[in-house]
Amino acid sequence: MKTDTSRITIHMVSSLDGFIAKKDGNVSWMQSTDTYEKGVTLTQEQITDFVNSIDCYVMGSKTYEHALELGWPYGEVPVVVLTHRKLTTDKTSVEFYTGDLSDLVNKHLKPRYKNIWMVGGAELTKDFIRLNLADDIVISMMPVILGDGILFFDHVGKEQLLHLRDVTAYKDGMVELTYEIKKE
């Protein structure tokens, strides 16, 4: 499935002040009740086409456990969960990985998949950025200020230049920013 065009996209939903969850892990604020008249609305066909374009998801163990609690949204698409804990699953599409992140990306993911989405959490995001393993960042900003919680970017430890590729405002007030990570 994979060719030389493999891309890894970091995706995160964030409050305007940069939090991805409340301190207790609550993400109920991710459902907006706002209305932005000039915003776009995606059709079910567009959503299905987009979701079907993703070949593999990568996430940390806390994100994995949270996804199970909320109702598994990834279907049968391969999911790699990075963890140091002994986790189990009844899902045949889930694989647990402990080891070198660069090896995972370059020896396991890129040879097999073209469109790879890293969907959480904050620590894993920092590792992908620090190690230059991601190609894009998509931030879906919700119309809310939480004031406290778990930060998306918290002491990444390096400056990273980005190129804004796209901005989309939605009817529910969410704004999606798509950046390409500039490689040095």
Side-chain angles (χ1 to χ4, degrees), residues 1-2 4-21 25 27 29-30 42 47 50-67 70 72-75 77-83 93-142 146 149-170 174-184:
M1 191 181 310
K2 187 293 187 181
D4 291 339
T5 60
S6 249
R7 293 192 71 79
I8 296 182
T9 301
I10 295 170
H11 177 255
M12 198 66 69
V13 178
S14 171
S15 63
L16 184 62
D17 53 348
F19 294 103
I20 60 172
V27 293
W29 53 271
M30 287 185 184
L42 294 175
I47 293 168
F50 168 74
V51 169
N52 288 340
S53 76
I54 299 172
D55 300 319
C56 177
Y57 293 95
V58 178
M59 65 187 68
S61 61
K62 292 177 189 170
T63 301
Y64 166 71
E65 290 170 326
H66 200 62
L70 294 176
W72 191 249
Y74 306 106
V77 175
V79 173
V80 178
V81 178
L82 285 87
T83 185
S93 60
V94 172
E95 172 185 347
F96 298 107
Y97 181 85
T98 301
D100 184 84
L101 189 55
S102 294
D103 282 349
L104 170 69
V105 168
N106 295 313
K107 295 178 182 176
H108 181 71
L109 297 178
K110 284 190 171 185
R112 294 169 59 190
Y113 306 110
K114 182 177 178 181
N115 190 11
I116 305 159
W117 277 58
M118 201 291 295
V119 294
E123 290 298 318
L124 192 53
T125 296
K126 289 188 282 189
D127 290 340
F128 268 81
I129 293 170
R130 284 184 194 127
L131 295 169
N132 296 315
L133 296 174
D135 301 293
D136 303 291
I137 299 173
V138 176
I139 302 174
S140 300
M141 289 277 210
M142 298 305 293
L146 294 179
I150 301 168
L151 282 170
F152 179 29
F153 293 114
D154 179 20
H155 306 289
V156 173
K158 73 177 237 179
E159 183 175 322
Q160 179 63 64
L161 295 176
L162 306 171
H163 168 70
L164 181 64
R165 282 204 349 235
D166 199 10
V167 176
T168 306
Y170 293 93
M174 179 181 78
V175 176
E176 187 173 84
L177 304 166
T178 302
Y179 292 98
E180 181 176 354
I181 298 173
K182 289 189 169 188
K183 306 290 182 172
E184 291 143 21

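Nothing fancy with the numbering, it's 1 onward along the sequence.
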* Pairwise distance OG(Ser15) to CD1(Ile150) - rounded to 0.5 angstrom -> 11.0 Å

* To do: Say whether, by atom type as modelled, one donor and one acceptor occur between the side chain of Ser14 and the main chain of Ile20 under 3.5 angstrom.
  => no

* Structure fact -> Exactly one candidate in Thr125, Leu131, Asn132, Asp127 meets side-chain contact (heavy atoms from CB on, under 4.5 Å) with Ile129; the answer is Thr125

* Asked: ring pair (Phe, Tyr, Trp, His ring centres under 6.0 Å) with Trp29: which residues, sequence neighbours excluded?
  -> none

* To do: Output the distance between atom OG1 (Thr98) and atom CG (Leu82), rounded to the nearest 0.5 Å.
  => 7.5 Å

* With Phe96 via ring pair (Phe, Tyr, Trp, His ring centres under 6.0 Å) - residues at least two apart -> Tyr64

* To do: Indicate yes or no: at least one non-hydrogen side-chain atom of Val77 is less than 4.5 angstrom from one of Tyr113.
  => no

* **Tyr74 ring center within less than 6.0 Å of Trp117 ring center** => no

* His163 side, atom NE2; Tyr179 side, atom OH - distance, nearest 0.5 Å -> 11.0 Å

* Asked: Between Ser6 and Ile116, is any pair of side-chain heavy atoms under 4.5 Å apart?
  -> yes

* Between Ser140 and His11, what is the shortest heavy-atom contact and its length? -> OG-NE2, 3.1 Å

* CG-OG1 distance between Leu162 and Thr178, expressed to the nearest 0.5 angstrom -> 11.5 Å

* If only atom types and distance count, is the side chain of Asp55 paired as donor or acceptor with the main-chain N or O of Asn115 below 3.5 Å? -> yes

* Heavy-atom pair with the smallest gap, counting every atom of Met142 and Val13 -> CG-CG1, 3.6 Å

* Exam field: side chain Gln160 to backbone Lys182, donor-acceptor pair closer than 3.5 Å -> yes

* With a 4.5 Å limit on heavy-atom distance, are the side chains of Leu133 and Met118 in contact? -> no

* Asked: Can you find a pair of side-chain heavy atoms, one from Val167 and one from Leu177, that are under 4.5 Å apart?
  -> yes

* Structure fact -> Residues Val79 and Met59: closest non-hydrogen pair is CG1-CE, 3.6 Å

* Asked: Hey, does Ile137 have a side-chain heavy atom less than 4.5 Å from the side chain of Met12?
  -> no

* Are Phe128 and Ile181 close enough that some pair of their side-chain heavy atoms sits under 4.5 Å apart? -> no

* Can you check whether Leu101 reaches Leu124 side chain to side chain, under 4.5 Å on heavy atoms? -> yes

* salt_bridge(Glu123, Lys126) N-O dist < 4.0 Å -> yes

* Close side-chain approach of Val58 to Tyr97, heavy-atom, < 4.5 Å -> no

* Asked: What is the distance from atom CG of Asp103 to atom NE2 of His108, rounded to the nearest 0.5 Å?
  -> 11.5 Å

